[in-house]
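Reading through the structure tokens given below for one structure.
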Amino acid sequence: MKTVSTTNAPAAIGPYAQGIVVNGMFYSSGQIPLTASGELVEGDIVAQTNQVFENLKAVLAAAGSSLDKVVKTTVFLGDMNDFAAMNEAYASHFGDHKPARSAVEVARLPKDVKVEIEVIAVVE
């Protein structure tokens with residue numbers, strides 16, 4: 001196993017890694033809308049989703065992968081009423097690539113953000 005760490009995404013705020021590579025696969029920790037310097041991106045679900053994708057791109061790059069190699073995502077929403085707007089922002093980052101996905105509403109997310117996303121991707 002190889003631990004993935006980059007300063008281009010927010011540092012882990014607990015006893016976990018930004019991601020792990022094992023057997024040619026990358027598993028990310030959930031990314032929330034913090035900047036690389038740790039500042040919370042306030043605002044609507046679109047702004048928060050876009051920041052989450054900036055973080056995902058950074059950890060994927062550090063792992064030697066990218067969004068086009070993502071095979072599965074899990075989206076955690078604080079409010080399922082935000083699904084349509086999140087989905088539009090989400091689609092803009094993946095383009096024609098459509099990985100498998102789960103999306104669930106949860107009671108609460110870290111720092112009371114609106115969205116958290118984790119990915120599984122191929123590393124070649």
Side-chain angles (χ1 to χ4, degrees):
M1 287 192 296
K2 175 186 159 200
T3 300
V4 175
S5 181
T6 178
T7 58
N8 295 325
I13 53 176
Y16 60 89
Q18 290 171 321
I20 300 287
V21 174
V22 64
N23 296 330
M25 299 297 292
F26 170 69
Y27 300 85
S28 81
S29 289
Q31 291 294 313
I32 62 173
L34 294 175
T35 64
S37 63
E39 293 178 46
L40 179 63
V41 171
E42 308 257 352
D44 66 8
I45 189 67
V46 172
Q48 289 198 2
T49 301
N50 287 331
Q51 181 60 51
V52 166
F53 271 93
E54 292 309 307
N55 298 341
L56 289 169
K57 289 176 195 175
V59 294
L60 283 160
S65 192
S66 59
L67 286 176
D68 64 333
K69 293 185 173 98
V70 170
V71 295
K72 172 75 166 75
T73 68
T74 305
V75 179
F76 303 95
L77 291 167
D79 183 348
M80 195 55 83
N81 291 319
D82 286 335
F83 180 83
M86 177 283 301
N87 197 48
E88 216 172 293
Y90 175 103
S92 74
H93 290 279
F94 279 112
D96 291 335
H97 178 55
K98 293 178 179 45
R101 178 178 77 187
S102 299
V104 296
E105 180 180 275
V106 296
R108 193 169 180 201
L109 290 164
K111 298 189 178 280
D112 293 319
V113 299
K114 298 176 186 303
V115 63
E116 179 173 359
I117 302 174
E118 62 185 30
V119 300
I120 300 171
V122 175
V123 175
E124 297 184 52

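Keep in mind that what you see is a predicted model, and the values were worked out from it rather than measured.
Between the Q48 side chain and the K114 main chain, a donor and an acceptor come within less than 3.5 Å of each other. Between the side chain of N87 and the main chain of F83, no donor-acceptor pair closer than 3.5 Å is present. For S28 (side chain) and G30 (main-chain N/O), no donor-acceptor pair under 3.5 Å exists by modelled atom type. A distance-only check finds no donor-acceptor pair linking the side chain of E116 to the backbone of P110 [under 3.5 Å].
Shown here is E88, whose CD atom has no more than 12 heavy atoms of other residues, nucleotides or ligands within 6.0 Å.
The side-chain heavy atoms of L109 and K111, taken from C-beta on, include no pair separated by under 4.5 Å. Residues T6 and V59 form a side-chain contact, since some pair of their non-hydrogen atoms from C-beta on lies under 4.5 Å apart. By the 4.5 Å heavy-atom criterion applied to side chains, I117 and L56 are counted as neighbours.
We find the CD-OH distance between E118 and Y27 to be 11.5 Å, quoted to the nearest 0.5 Å. Between the CG atom of L77 and the CD atom of E105 there is a distance of 7.5 Å, given to the nearest 0.5 Å. The distance from the CD1 atom of I120 to the CD1 atom of I20 is 13.0 Å, given to the nearest 0.5 Å.
Between L40 and the options D112, T35, V113, a side chain to side chain contact (heavy atoms under 4.5 Å, CB included) holds for only V113.
For the residue pair N55 / Q51, a side-chain donor-acceptor distance below 3.5 Å is found, with atom types taken as modelled. K72 and S102 are linked by a side-chain donor-acceptor pair at a separation below 3.5 angstrom, with hydrogens and angles left out of the test.
For the side-chain contact (heavy atoms from CB on, under 4.5 Å) test, residues two or more places apart in sequence or in another chain that qualify with P99 are V70, T73, Y90, F94, H97.
Grouping the Ile, Leu, Val, Met, Phe, Trp and Tyr side chains by contacts below 4.5 angstrom, directly or via other members, places V75 apart from I32.
Considering all non-hydrogen atoms of both residues, H93 and L67 come closest at O-CD1, 3.6 Å. Across T3 and A17, no two heavy atoms sit closer than the pair CG2-CB, 3.6 Å. Contact between A47 and E42 at its shortest, heavy atoms only, is CB-O, 4.2 Å. Of all heavy-atom pairs between V21 and F26, the closest is CG2-CD1, 3.9 Å. The two residues P10 and L34 come nearest to each other via the heavy atoms CG-O, 3.6 Å. The two residues V123 and S65 make their nearest non-hydrogen contact at CG2-CB, 4.1 Å.
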Step-by-step side-chain contact (heavy atoms from CB on, under 4.5 Å) determination, D82 to V115: CA-CA 9 Å; D82 286 335; V115 63; over 6 Å; no
